[in-house]
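Chain naming here is simple, since letters A, B, ... match the order of the sequence lines and numbering starts at 1 in each. All values below come from the heavy atoms of this structure, side chains included, with hydrogens, waters and symmetry mates left out.
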Amino acid sequence: MSGYWLFKAESDVYGLSHLLAEKHQRGRWDGIRNYQARNFLRDQVAEGDGVLFYHSSCKEPGIVAQVKVVSSAYPDPTQFDPQSPYYDPKSTPDNPRWVSVDIQLVKAFKQPLPLKQLKLDPLLAEMILLRQPRLSIQPVTPAEWRHINKLAGGR
DNA sequence: GCCAACGTTGGC
DNA sequence: GCCAACGTTGGC
């Protein structure tokens, strides 16, 4: 596993419950429409990378699961779908603007880690999540990754 | 290329 | 629902 990431989603749009309902708990991470997030996804996120799944815009925002990347980046199909809220009329199949990756659940955290707890943890003070709250795809350091999985009761 | 107006994110 | 922070748009 080469890289570690945090992916953020509104829990009622695509949350852990949606991923759990997918066949093999495997789903597509789509709808990214921010260039900084897109660049990470397109250029750096790789198959096999580890991902912290974060719920935003809900009662208890926080990290709820560990997932892994199970594909390389490919054009996000929703950008070509006029029915989709993520439709982008300026994007063409020849020159797609937005990408997706597929992800698969590794484990749901027994103890979801609420944002308010992360904020209090000195070992996580440098997390991008806490410094640039609006970025929906962001790198996580190996030290942060280990610490968070330990807090969540993982290995 | 500047920057004001506007839109979105997301915690609270 | 509010609003701060930030991103995007578009006139000039």
Starting the side chain at C-beta, find the nucleotide from [options] nearest to [X].
| X | options | answer |
| --- | --- | --- |
| Q36(A) | dG7(C), dG10(B), dC6(C) | dG7(C) |
| K90(A) | dC12(B), dT9(C), dG10(B) | dT9(C) |
| L115(A) | dG7(C), dG10(B), dC12(B) | dC12(B) |
| Y35(A) | dT8(C), dT9(B), dG11(B) | dT8(C) |

Over how many whole Å does the gap from [X] atom [atom1] to [N] atom [atom2] extend?
| X | N | atom1 | atom2 | result |
| --- | --- | --- | --- | --- |
| L135(A) | dA5(C) | CG | P | 17 Å |
| I32(A) | dT8(C) | CD1 | P | 13 Å |
| R131(A) | dA5(C) | CZ | P | 15 Å |
| Y54(A) | dT9(B) | OH | C1' | 11 Å |
| N34(A) | dT9(C) | CG | P | 11 Å |
| Q138(A) | dG7(C) | CD | P | 13 Å |
| W98(A) | dT8(C) | CH2 | P | 7 Å |
| R134(A) | dC3(C) | CZ | C1' | 12 Å |

Mind checking whether W98(A) and Y35(A) have parallel, tilted or perpendicular rings, split at 30° and 60°? tilted
For a quick test of reading the model: is some side-chain N or O of K59(A) closer than 4.0 Å to OP1 or OP2 of dG10(B)?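 For dG10(B), neither OP1 nor OP2 has a side-chain N or O of K59(A) closer than 4.0 Å.
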How far apart are the closest heavy atoms of F53(A) and L16(A), and which atoms are they? CZ-N, 3.8 Å
Would you say the side chains of [X] and [Y] form a donor-acceptor pair under 3.5 Å?
| X | Y | result |
| --- | --- | --- |
| S71(A) | R26(A) | no |
| D94(A) | T92(A) | no |
| D102(A) | Y74(A) | yes |

What are the residues of residues 122-130 of chain A, sorted by number, that bring a heavy atom to within less than 4.0 Å of DNA chain B? none
Electrostatic pair D88(A):R97(A) at N-O distance under 4.0 angstrom: yes
Give a yes or no on this: more than 12 heavy atoms of other residues, nucleotides or ligands lie within 6.0 Å of atom CD of E22(A). yes
